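Written out below as C-alpha cells is the structure these notes cover.
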There are 2 protein chains.
Amino acid sequence: MDKRATIKDVAEAAGVGVATVSRVLSGGSASPQTRERVLAVAAQLDYRPSALGRNLRQRRTGGMGLLVPDLTDTFHAQLAEGVLACARAAGEPVVLGSTGGDPEQESELIGMLLEQSVDRLIAVPSGDEDTWAPAIRAGMTVVFADRLPARPSSDEDDDPAARAVNDLMLLDGVPAGARPRGLDVPSEVADDRAGIRTAVRYLRGLGHRRIAFLGGPGHDRRAAAFGAAVGAPVDEELVVFATGSRDSAYAAASGLFQSRPDLSAVVAGGNVLGVAAVLAARELDLRVPRDVSLVMYDDVPWAELCSPPLTVIAQPGRDMGYRAAELVLRSGGRRPRGAVLPTELIIRGSCGPHRP
Amino acid sequence: MDKRATIKDVAEAAGVGVATVSRVLSGGSASPQTRERVLAVAAQLDYRPSALGRNLRQRRTGGMGLLVPDLTDTFHAQLAEGVLACARAAGEPVVLGSTGGDPEQESELIGMLLEQSVDRLIAVPSGDEDTWAPAIRAGMTVVFADRLPARPSSDEDDDPAARAVNDLMLLDGVPAGARPRGLDVPSEVADDRAGIRTAVRYLRGLGHRRIAFLGGPGHDRRAAAFGAAVGAPVDEELVVFATGSRDSAYAAASGLFQSRPDLSAVVAGGNVLGVAAVLAARELDLRVPRDVSLVMYDDVPWAELCSPPLTVIAQPGRDMGYRAAELVLRSGGRRPRGAVLPTELIIRGSCGPHRP
DNA sequence: CTGAAAGCGCTAACAG
DNA sequence: CTGTTAGCGCTTTCAG
C-alpha cells in the first residue's frame with residue numbers, strides 16, 4: 001500500500017520485458033495483443049510511471065519553472081494562473097519561485113532550478129541581462145513574460161546612444177535577440193507603447209497637460225513609452241519610480257502629489273502603483289477624478305471596487321502566461337519569437353475633465 | 001559549456017572516489033585535507049549536485065507541492081508567498097498547482113505530484129475527505145491550510161447528528177484526525193469561530209439585527225461559526241453560498257440583497273465575496289455603510305481602496321503559508337497538529353450604525 | 001515485434 | 001577515513 005508498482009512489477013505480471021512495457025506506455029510499437037495485456041496489468045496494478053526514473057534517464061526534468069517578483073501583485077497572479085492552466089493541460093509540473101523583485105534571489109532561484117534540472121523557465125525578470133546570461137548559457141530554454149531584463153548598467157553608462165536605440169526597440173517589442181549584444185530569448189509582453197499612448201491621448205482629450213507617470217521596477221518600457229507619448233520636452237519631475245514595496249509605491253505617489261501640485265493626471269505603471277496613487281491622493285485630500293485623474297495599468301477584479309471605479313489599461317495577463325507556457329513547451333521545434341499582446345483602455349470613472 | 005559536471009568528474013579531478021565527494025558535500029566525515037581538495041575542485045568545476053540522481057536514489061523528490069484553488073484570490077496569493085518564503089529559506093523547490101476549486105482537477109494534480117514523487121504537500125483543499133484519502137494512503141505528508149476537506153457527502157446525509165458534532169469540532173479547530181473517521185492531517189487554519197463572533201458582535205453593537213453571511217466554497221466553518229454567533233434560530237435565508245466563480249459570487253450577493261431588503265449588514269466569507277458584495281450593493285443603489293454594513297474576511301492591500309475602506313477580519317495568510325511549509329518540512333520528527341491562528345477585526349469604514 | 005542490458009547521477013552499505 | 005559496488009526506475013540501443 002505504501003510503495004508504488006514499478007515498471008518491473010508490471011513487466012513480470014504481464015510476462016513481458018520492461019522494455020515492452022515502456023514502449024507500450026509511451027506509444028511505441030507493440031502487437032495489439034501485447035499492448036492490451038500490458039495496459040490491463042498496468043491498470044490493475046495502478047501503475048504510474050515514476051518521473052524520477054524517466055527524468056534521470058533523460059537527464060532533464062519535465063515541466064517548467066516560473067519566476068515572478070510577487071504573487072500578491074494581482075497581475076502576476078493572473079499571469080501565473082495562465083501558466084498553470086497551460087501546464088495542467090499538458091500534464092506538466094510547474095516549479096514556482098517568488099523573487100521579491102530582487103536580482104540576487106532571482107539568481108539563487110535559477111540556481112535551484114538548475115540543480116533540479118528544470119530546463120524550461122518562464123520569468124518576469126527582475127535582474128538585468130547579466131543575471132540571465134548564466135541561465136541561457138546553462139542551456140535553459142527561457143521565455144520572458146511581461147517585461148524584458150534591463151541591459152547591464154555598465155552599458156547604459158558607457159553608451160547612451162546605444163541605450164537610446166535600445167529603448168526605442170524595446171518600445172516596439174523588438175526581441176532582445178535582435179538588439180545589439182542582447183539575449184536571444186523569446187518573450188510575451190504587452191504593447192506598452194500603444195497602451196500608454198492611448199491612455200495619454202485620452203487624458204489629453206480630457207484637457208490634461210501636466211500628466212505624471214508613476215512606475216515601479218520593470219516599468220522602464222512603460223516609462224519610455226510615456227516619454228514618447230507626451231513628447232519632448234519631458235518634464236522629468238513628472239516621471240517617478242518606486243522601488244517595489246507597497247510602502248515605497250505609496251511614498252513615491254505621495255511625494256509626487258506634494259512636489260507637483262500642478263499635475264492633474266497620473267498614469268500608474270502597475271496595479272500596486274495604482275492603489276498607492278489612490279491612497280496617497282485620498283490622504284492629501286485630492287479627489288479622484290475631480291482633482292486628479294488616474295489611469296492604472298492592469299485590469300484586476302478589484303479595480304471596480306474603488307469609487308469611482310478605476311479606468312485601466314488592460315493587458316491580457318492570463319493569456320500572456322498561457323502563451324509563454326506554450327512557447328517554452330514547444331522548445332523542440334523552431335522557436336517563435338514570442339509576441340506583443342494588445343492592450344485595451346477600459347474607461348471607467350477615474351478620469352475626468354481637467355479643471356484649471 | 002552545455003553539460004554540467006557530475007560527481008564522477010569531481011572525483012576524478014580530485015583523485016578520490018565518488019563516495020568521498022558525496023560525503024564531503026553532504027557534510028559527512030572526511031579528513032580536512034581531502035575535504036578541502038574536494039571542495040576546491042568542486043568549486044573550480046562549478047559542480048552542482050544533480051537533484052535527479054539524488055532523488056531517484058532516495059526514491060523521493062525533495063521540496064513540496066502546493067495546491068490552491070485560485071491564485072487571483074489575493075488571500076491564496078498571500079498564503080502562497082508564505083510557503084514560497086519558507087521553501088526558499090530551506091532551498092527547497094515548490095511545485096504549484098491551481099485547482100480552480102474543482103475536486104476533479106485537485107485529484108489530477110495530486111496524481112501528477114505522485115508521479116513526480118513529491119511526497120510533501122500543502123493544500124487549501126477543495127475536494128472532500130474521499131478526495132484526499134488516496135494521497136494519504138500513498139504515503140504523502142500533507143498539511144492543510146486555510147480550511148479542512150469537507151466530510152464525504154454520504155456521511156452528511158446519513159448521519160446528521162455526527163455532522164453536527166463534526167461541525168462543532170471543526171469550529172474549535174479540532175484536527176480531523178481526532179474526529180470520528182476523519183483524516184489524520186495537521187493543519188494551519190484561522191480561528192474562524194472567534195473571527196466571525198467578533199465581527200457579529202461588532203455589528204450587533206452597531207444595532208444590526210438582520211445580518212447575512214455570504215460564503216463561497218470551503219467556507220463551511222465560517223458559516224457554522226456565523227450560525228453559532230448569531231444564535232438560534234438562524235434565518236436560513238440570510239446564509240447564502242456562491243459556487244466559486246466571481247460571477248457566481250456577484251449573483252449570490254445580488255440575489256441576497258434583492259430577496260432580503262430587510263438585511264442591514266453582511267459578513268463576506270472571503271475577499272472575492274467581499275468585492276462581489278460591494279459591487280452588487282452599488283448596482284442596487286445601496287450605500288455602504290449607510291444602507292448596508294459590510295465586513296469582509298481577508299485583509300488585502302486593496303481593501304482600503306474602497307471608499308469607505310473595508311472593515312475586515314484579517315487572518316495571517318502569509319504566516320499560515322510559512323507555518324504550513326515548516327510543518328510539512330518537519331515531517332521527520334513528531335508531527336505537531338498544526339495550529340489555529342488568530343484573526344483580528346480591523347475596523348475601517350464599511351460599517352455604520354443601523355438606520356431603521 | 002520483443003527482450004536483455006547498459007547506464008543516467010547519486011547515496012548507502014560494505015570492505016579495506 | 002576512503003574506495004568499490006550495487007542499485008533507485010526508467011528509456012534506449014542492440015540483437016534476436
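Values reported hereafter were calculated over all heavy atoms of this structure, with side chains retained and with hydrogens, waters and symmetry mates removed. Note that the structure is a prediction, hence the values are computed from the model and not measured. Just so it is clear: chains get the letters A, B, ... in the order the sequence lines come, proteins before strands, and each one is counted from 1.
Residues B/Pro103 and B/Asp128 form no side-chain contact, since every pair of their non-hydrogen atoms from C-beta on lies 4.5 Å or further apart.
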Q: Give the B/S/- string for nucleotides 4-13 of chain D, one per nucleotide from 5' to 3', where a protein heavy atom under 4.0 Å of the base yields B, of only the sugar-phosphate yields S, and otherwise -.
A: B-BBBBBBBB
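The bend of the helix from C/dC1-D/dG16 to C/dG16-D/dC1, defined by the angle between the axes of its first five and last five pairs, stands at 40° to the nearest 10°.
Remark: B/Arg57 pairs with no residue by the salt bridge (Lys or Arg N to Asp or Glu O under 4.0 Å) rule, at least two apart or across chains. Remark: A/Phe75 pairs with no residue by the ring-ring contact (aromatic ring centres under 6.0 Å, His included) rule, at least two apart or across chains.
Of all nucleotides in DNA chain C having an atom under 4.0 Å from a heavy atom of chain B, the first and last in 5' to 3' order are C/dG9 to C/dA13.
Closest non-hydrogen pair, B/Ala339 versus B/Arg323, comes out as CB-NH2, 3.4 Å. Of all heavy-atom pairs spanning B/Met320 and B/Leu79, the tightest one is SD-CD1, 4.0 Å.
Remark: the backbone N or O of B/Gly127 is paired with a side-chain donor or acceptor of B/Glu106 at under 3.5 angstrom.
Interatomic distance, CG of A/Leu56 versus OG1 of A/Thr61, reported as 9.5 Å (0.5 Å rounding). Atom CZ of B/Arg88 is separated from atom OG of A/Ser98 by 5.5 Å, given to the nearest 0.5 angstrom.
Each side chain to side chain donor-acceptor pair (under 3.5 Å) pair with one or both residues in residues 13-24 of chain B, not counting sequence neighbours, would appear here, but there are none.
Atom CD of B/Gln58 has more than 12 neighbouring heavy atoms from other residues, nucleotides or ligands inside a 6.0 Å radius.
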